[in-house]
Amino acid sequence: MMTSSTSEKPLVELTKGVNGLEKVILREVRGSSAEVYLYGGQVTSWKNDLREELLFVSSKAIFKPPKAIRGGIPICFPQFANRGPLESHGFARNRFWSIDKDPPPFPASTSSRAFVDLILKPFEFRLRVALSPAGDLMLTSRIRNTSTDGKPFAFTFAYHTYFSVSDIRHDSQEIVIRANNTRCTYNENTRFNLFEVRVEGLETLDYLENKERFTEQGDAITFESEVDKIYLSTPTKIAILDHEKKRTFVIRKDGLPDAVVWNPWDKRAKAIADFGDEEYKHMLCVEAAAVEKPITLKPVASLTQREFSLAAEKSFLLVYIVYRCFVAIYGWSATMTSAKDPLLLSYFIFSIPWVGSLRKAHGLRTVKRIITVVINKYNMNLLPH
Ligand SMILES: O=P(O)(O)OC[C@H]1O[C@@H](O)[C@H](O)[C@@H](O)[C@@H]1O
């Protein structure tokens, strides 16, 4: 399992973490790293090459059995939430896993040298956590039906990922008007905030909320209250855009059709003992999952493999705005004029001084609003499905 590097620190290191619990540190030469606790087989840290933490772990997390660690990537297995007779989210997240010294060969080839193989017995749940040279985090679960009673094995599953985000809330503004000694205030919840955290890839999909089925509206998902939704039949790629941190998380998943989106918001946060009252602002769970339809393994050693990877890409607000404007203008002119590319390009170029003069006359805020309205109106997704 352990691989040496030419740099000072090893690529894979087994060490002690909080409360003396064993953890494995994965490092890549460019500086990215990840940490995995054997307790829960749980990733608790993933840092990019600038050593910025990308996952959220609560300051109140209890690193002690039987409580699962609040944050990182707990694994929900063999039951998601309370959808069955077991404890909430199953037991994989509060059992001790072992290092799998002799894992069976991996079907998928990987260029990663920083990885660890874990196993949860007696179920034969094998987990590989790998860090790619570019700093992407990859988790692969291989689960075998080891039952000898000839029965199939059905389970639900989730990689319950807690992402670290700048501030999940919409930018709420209090406007105060004074007239004749009367003070009038109102809260404007600006849906036009370009800095909001948004999830793309789930719009227009069906979701379950409190066991009822709804359909998401056309816009990308933004947050202004508690969210606990299970999106169904989701694409293999979902993105979380966080312009304030200049970061886009790209989640890629295979064999996990659902995606759970969870943030407890202020009231529920207060009711969770191992979670800070204000911490909901800086976390967002987007979980690659199989919830609605359990995964069923036939009897006699049948095996399934479920993959999941995370990339954190730098995003630049200006480039994003320009891109979205271009896409919006393209969409508009294609509908209105059936114009061809050179004409579209000229629309785009001519729009730049127009944006400049609008800014002079009405301020940056108005320009931002107009741009966002156009973007939202045409709802051009950044990600191809
Ligand atoms: O407190 P737990 O058991 O870790 O669960 C946290 C949340 O996990 C989410 O995945 C569920 O959708 C929520 O319903 C749940 O509240």
ask   = Is a side-chain donor or acceptor of D49 paired with a backbone partner of G31 at a separation under 3.5 angstrom?
value =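 Absent.
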
Could you check whether [X] pairs with [Y] (Lys NZ or Arg NE/NH1/NH2 to Asp/Glu carboxylate O, under 4.0 Å)?
X	Y	result
R128	D117	yes
D242	R247	no
E209	K229	no
E200	R198	yes
R83	E292	no

Test applied, side chain to side chain contact (heavy atoms under 4.5 Å, CB included); reference residue, S33; option that passes from K9, R51, K47 =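 For S33, the side chain to side chain contact (heavy atoms under 4.5 Å, CB included) test succeeds with only one of K9, R51, K47, which is K47.
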
ask   = Testing N263, I240, I221 for side chain to side chain contact (heavy atoms under 4.5 Å, CB included) with V197, which one passes?
value =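 That would be I240.
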
Does the ring center of [X] lie less than 6.0 Å from the ring center of [Y]?
X	Y	answer
F275	F56	yes
F157	F80	no
F125	F77	yes

ask   = Roughly how far, to the nearest 0.5 Å, is the CD atom of E28 from the CG atom of N48?
value =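 Atom-to-atom, N48:CG and E28:CD are 13.5 Å apart.
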
message = Suppose we screen for ring-ring contact (aromatic ring centres under 6.0 Å, His included). Which residues come up paired with Y162, at least two apart in sequence or across chains?
response =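 Once residues adjacent in sequence are excluded, the partners of Y162 under the ring-ring contact (aromatic ring centres under 6.0 Å, His included) criterion are H160.
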
With R93 via side chain to side chain donor-acceptor pair (under 3.5 Å) - residues at least two apart =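 For R93 there are no side chain to side chain donor-acceptor pair (under 3.5 Å) partners, ignoring immediate neighbours.
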
task = Only pairs at least two apart or in different chains count here, so list each ring pair (Phe, Tyr, Trp, His ring centres under 6.0 Å) that has a residue in residues 279-304.
result =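 Applying ring pair (Phe, Tyr, Trp, His ring centres under 6.0 Å) to every pair that reaches into residues 279-304, excluding sequence neighbours, yields W265-Y280.
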
